[in-house]
Each structure stands twice: as C-alpha cells, then as structure tokens.
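Step one of this worksheet: look at the structure below.
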Amino acid sequence: MTDILAPWTAEEFEAQLRGKSSSYHIHHPFHRMMAAGTLTPAQLRGWVANRFYYQISIPLKDAAILSNCDDREIRREWIQRILDHDGRNIGATDGSEDPGGIEAWIGLGLAVGLSRDDVTSLRLVAPATRFAVDAYINFARRQPWQEAVASSLTELFAPHIHQQRIDTWPTQYPWVDTQGLQYFKQRLTQARRDVEHGLRFTLAYFSQTRALQERALQILQFKLDVLWALADAIMLSQCEIEILGAKP
Ligand code: AHQ
C-alpha cells in the first residue's frame, strides 16, 4: 500500500518522527518515579549500575555503524560519538585529555554511593538489561548502516530527560553528589549535535519513498521499545532484589 502513496514532505516526515515522543521512556513508570523523587537510594543505584551496560555498549554500536558505512563524510562526523564516550587525549603536548562519557557515568555511580567496581564489574546488571541493550547493538551490526543511523533518533527526545534530571535530582535526591550530574550536562550539547546530524541524514535518505519513510518510523519505534524494555528490566530487577534479597 505504501508503495503507491506519495512520500511525506520533509516537514511532515519530521513531524511523524517527533510524534513518537509519547513512546519515549520519560513516560515509563520508573522514570516518572525518578522525576517525582520516589525512587529509593537502592533503586537509583540499580538504575545507574544497569545503565552503565548501555553506556559502554554505545561505542560498540557506533563502531558497528562505522564499520558498515562506506561514506567517508558520514564517518568523519559519526566518529565523534565514539570519542564522546571513550574519551581521548586532546593535547598531546600538554597531556590534557577528555576522560569521556563512560568515565563520567562511573562518576555518577560514585555520586550515588556505588564503588567503581560495583559499576565496572557489571555484576549488578540484570539479564533483561543485557537482552535489551544487546538487541540494539546487534541491530546496528546486522542492519544497513543507514537504518542504524535512524535508530539513534530517540535522542530527539533526550535533552528533555537529561534536563529533567539536572533540574530535579538536587532537590529530590539531595544525598547524591551533584558532581555526578556532569554526564547529563555534557549530553545536553552532545545529544543536540548528534540529532542534528542523524536527523539531517534520515530526512534525506529515507524520503525517497513513502515505504522508506514508514520504515524509518518502524526503526525509531524499535529503539523506543529498546529503551522502554530497558526501564522494564531495571524496574523488575529492583523488585526481585527486594523479594529475593541481594542479586544471586
Ligand atoms: O546517554 C545517552 C547516549 O549517549 C545515547 C546515544 C544515543 C544513541 O546513539 O542511541 N542514545 C543515547 C541515549 C542516552 N541517554 C538516555 C537517557 O535517558 O539517559 C537516552 C538515550 C536515547 O535517547 O537514545
């Protein structure tokens, strides 16, 4: 059916993409509890420890896109995403370096009372967390790189959730060292820059036919479902810990 429909205009296509904001994980009960300040310290620590698996997987996802992508101009922009997370030495002469987002997320772990080993050992990561994140990474490895680019567009909605944490945690969770919020602060600019690139490409590439535009919406819904399933996994794993005691 979509083969005979005319493609949406770029404005209509972008509105369709942005219209999926209602499926974004900011509306998940766990994130609504986070914003309301009703998470226990253990639940907040569980979220930080589980989300670390997502954070360390993002560079693998982006490296998969680079390895599949034959367009040098795309690669020149996309590689910045790996550096944002892994960090790099900025000035070889003065030895200055950017420790990167993964290190900042470990700092978030320390700020909520976890040890570096609690976070980096991954021993607190629930099986369903791994399944949700691995589904995203394997999508990026196996699908055409153009589809993996489109899947990153859940970040259309990310600045809102990062800003929400920056605004609410100091009053809702005053026991958390505010230095730990650095990760969310740096993502505000990085996410906006990433989305500008990913959206520009997606609007151009997927606008060739209505079927391609519908495929882009399907891909975005898949990634929205990954983030929703990730929140499900974290919320349930915390219930299991409360019922069973410490993680077996
Ligand atoms: O910290 C996040 C991040 O680095 C990324 C990369 C991007 C992608 O390539 O899929 N998505 C993403 C997201 C991050 N944080 C999530 C959050 O709620 O803290 C949001 C998530 C996204 O919206 O996709």
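First listed ligand is number 1; within each ligand, the first listed atom is number 1.
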State if [X] counts as touching ligand 1 under the rule of any non-hydrogen atom under 4.0 Å.
X: Tyr183; value: yes
X: Tyr136; value: yes
X: Phe184; value: no

*Looking only at protein heavy atoms, which one is nearest to atom 4 (O) of ligand 1, and how far off is it?*
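Of every protein heavy atom, His85 NE2, 2.7 Å lies nearest to atom 4 (O) of ligand 1.
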*May I ask you to check whether Trp228 and His27 place their ring centres under 6.0 Å from each other?*
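When the ring centroids of His27 and Trp228 are compared, they turn out to be at least 6.0 Å apart.
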_Under 6.0 Å between ring centres: does that hold for Trp145 and Phe201?_
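Distance test on ring centres: under 6.0 Å, yes.
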_Least distance between heavy atoms, Leu230 atom then Arg51 atom_ =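 That would be CD2-CD, 3.9 Å.
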[X] side-chain N/O to [Y] backbone N/O, donor-acceptor pair under 3.5 Å:
X: Arg75; Y: Leu66; result: no
X: Tyr136; Y: Ile58; result: no
X: Ser151; Y: Ala148; result: yes
X: Gln43; Y: Thr40; result: yes

Counting heavy atoms only, which of [options] is nearest [atom]?
atom: atom 19 (O) of ligand 1; options: Arg165, Arg81, Lys61; answer: Arg165
atom: atom 18 (O) of ligand 1; options: Met34, Gln164, His25, His160; answer: His25
atom: atom 22 (C) of ligand 1; options: Thr154, Ile26, Leu230; answer: Thr154
atom: atom 16 (C) of ligand 1; options: Arg51, Arg187, His28; answer: Arg51
atom: atom 6 (C) of ligand 1; options: Glu155, Gln55, His31; answer: Glu155

In terms of atom number and element, which parts of ligand 1 are under 4.0 angstrom from non-hydrogen atoms of [X]?
X: Ser152; answer: 9 (O), 10 (O)
X: Ile161; answer: 18 (O)
X: Lys223; answer: 8 (C), 10 (O), 11 (N), 24 (O)
X: Ala158; answer: 23 (O)

*According to the interplanar angle, ranging from 0 to 90°, do the rings of Tyr183 and His162 count as parallel (below 30°), tilted (30 to 60°) or perpendicular (above 60°)?*
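Geometry flag for His162 against Tyr183: perpendicular rings.
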*Give the ring-plane orientation class for Trp47 versus Phe184, where under 30° counts as parallel, over 60° as perpendicular and anything between as tilted.*
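Taking Phe184 first and then Trp47, their aromatic rings sit tilted (interplane angle of 30° to 60°).
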*Is Tyr24 touching ligand 1 with its side chain, its backbone, both, or neither, if touching means heavy atoms under 4.0 Å apart?*
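Tyr24 to ligand 1: side-chain contact only, backbone stays beyond 4.0 Å.
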_Full working for ring pair (Phe, Tyr, Trp, His ring centres under 6.0 Å) between Phe13 and Phe206_ = CA-CA 9 Å; Phe13 182 27; Phe206 286 89; 7.2 Å; no
*Decide whether an N or O pair under 3.5 Å exists between Tyr54 and ligand 1.*
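Yes - when backbone and side-chain N and O of Tyr54 are compared with those of ligand 1, one distance drops under 3.5 Å.
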